[in-house]
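None of the values given here were measured: they were computed from a predicted structure.
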Amino acid sequence: MTKTSIRVHDIVPQSEIYGPGIRWVIWVQGCTLACEGCWNKETWSQRKGELRSVQSLLEELSEVQGIEGITILGGEPLQQAEPVLTLIEGAGKLGLTVMLYTGYEFHEMNEVMQACYFASDIAITGRYIAEKRDLGLLWRGSSNQLIESPTGRYADLEITEAQEVEVLIDHDSGQVTMLGYPDEQILSDFKEIFERIK
C-alpha cells in the first residue's frame with residue numbers, strides 16, 4: 001500500500017442499502033481489528049485484494065451516472081487513511097457525498113484518520129460487538145455503533161431503523177451476490193426462491 005493506492009476487496013457501482021440514495025460502494029482490503037463475529041472476515045488479510053491507484057478509482061467513479069455518493073467500508077478504511085482521505089476529497093470534488101464505515105472510535109484516531117472522519121458526510125463508528133448484534137438497525141450491525149454527520153450535510157437526516165438486504169444478479173455470469181445483513185430466515189427464503197428459478 002502507498003499514499004496513492006488503496007488495497008481493494010470489491011466495488012459495487014450502484015447500491016441502495018449503504019447510505020442515502022444510490023451509492024458507489026468500495027470495500028477496502030485489510031483489517032487488524034478482527035471483531036468477533038465479523039461478517040467480512042475475507043477482508044481481513046492485507047495480502048489479498050487488488051492494489052488500485054486512487055486516481056484510477058476516481059476516474060472510474062467519475063463515469064458512474066445517477067449516484068448520490070460513495071460509501072467506503074471494509075476491511076478497515078482508516079488503516080489505509082492517507083489514500084482513503086485522497087479518495088474522500090476527490091469524491092467531494094466530483095460533487096458526491098461520502099459515507100465512511102470505521103471500527104475506530106474518534107478518540108482512537110490519529111490526525112489523518114480524523115481528517116477522513118471530518119471530511120465524511122456520514123460516519124458509522126465503533127467496532128462490531130457480537131453481543132450487541134441487532135439486524136434491525138439501519139446501516140449498523142450492533143447497537144453500540146454510531147451514525148454521525150461530521151460535515152453536517154446529513155445532520156437532519158431522519159433514521160428509520162430497518163433491516164436492509166440487497167440482491168445483485170450479474171446477467172452475464174449468473175453470479176448472485178447478497179449485500180447487507182441477512183438473517184437465517186432471509187438466507188433460507190432466498191435459497192428456496194433461487195432453487196425454483198434455476
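For residues 48-69, the salt bridge (Lys or Arg N to Asp or Glu O under 4.0 Å) pairs, not counting sequence neighbours, are Arg52-Glu60. A salt bridge (Lys or Arg N to Asp or Glu O under 4.0 Å) check over residues 113-130, counting only residues at least two apart or in different chains, returns the pairs Glu108-Arg127.
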| task | Please report the C-alpha distance between Leu100 and Ile124 in whole Å, then the side-chain angles of each, then the deciding distance to 0.1 Å, and finally whether the side-chain contact (heavy atoms from CB on, under 4.5 Å) criterion is met. | result | CA-CA 6 Å; Leu100 173 71; Ile124 309 295; over 6 Å; no
| message | As a quick check of understanding, evaluate side-chain contact (heavy atoms from CB on, under 4.5 Å) for Val54 and Ser5, giving each step before the final call. | response | CA-CA 5 Å; Val54 175; Ser5 298; 6.0 Å; no
| message | Is there a side chain to side chain donor-acceptor pair (under 3.5 Å) between Thr4 and Gln55? Walk through the geometry before answering. | response | CA-CA 8 Å; Thr4 59; Gln55 183 60 39; over 6 Å; no
| task | Please report the C-alpha distance between Glu76 and Thr102 in whole Å, then the side-chain angles of each, then the deciding distance to 0.1 Å, and finally whether the side chain to side chain donor-acceptor pair (under 3.5 Å) criterion is met. | result | CA-CA 6 Å; Glu76 175 48 63; Thr102 178; 2.8 Å; yes
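Linking Ile, Leu, Val, Met, Phe, Trp and Tyr whenever their side-chain heavy atoms come within less than 4.5 Å leaves Phe118 and Leu85 in two separate clusters. The hydrophobic clustering, which links ILVMFWY residues whose side-chain heavy atoms are closer than 4.5 Å, places Trp44 and Ile6 apart. A chain of hydrophobic side-chain contacts below 4.5 Å, direct or via other Ile, Leu, Val, Met, Phe, Trp or Tyr residues, connects Leu94 to Ile22.
A donor-acceptor contact under 3.5 angstrom links the side chains of Thr71 and Arg23, judged on distance only. Inspection of the Tyr104 and Gln114 side chains reveals no N or O donor paired with an N or O acceptor under 3.5 Å. If you check the side chains of Gln145 and Thr125, you find no donor sitting under 3.5 Å from an acceptor. Donor-acceptor pairing under 3.5 Å is lacking for the side chains of Ser45 and Gln29.
Side chain of Arg140 to main chain of Leu138: a donor-acceptor pair is present (N/O by atom type, distance under 3.5 Å, no hydrogens or angles). Here the side chain of Thr151 pairs a donor or acceptor atom with the backbone of Arg153 at under 3.5 angstrom.
Open room surrounds CG on Asp156; 12 or fewer heavy atoms of other groups in view lie less than 6.0 Å from it.
Between Tyr128 and Tyr101, the ring centre distance reaches or exceeds 6.0 Å. Proximity of the aromatic rings of Tyr18 and Trp27 is defined here by a centroid distance below 6.0 angstrom, and this criterion is met.
A heavy-atom distance below 4.5 Å is not found between the side chains of Val28 and Val8.
Summarising the geometry, atom OG1 belonging to Thr97 is positioned 8.5 Å from atom CD1 belonging to Ile70; distances are rounded to the nearest 0.5 Å.
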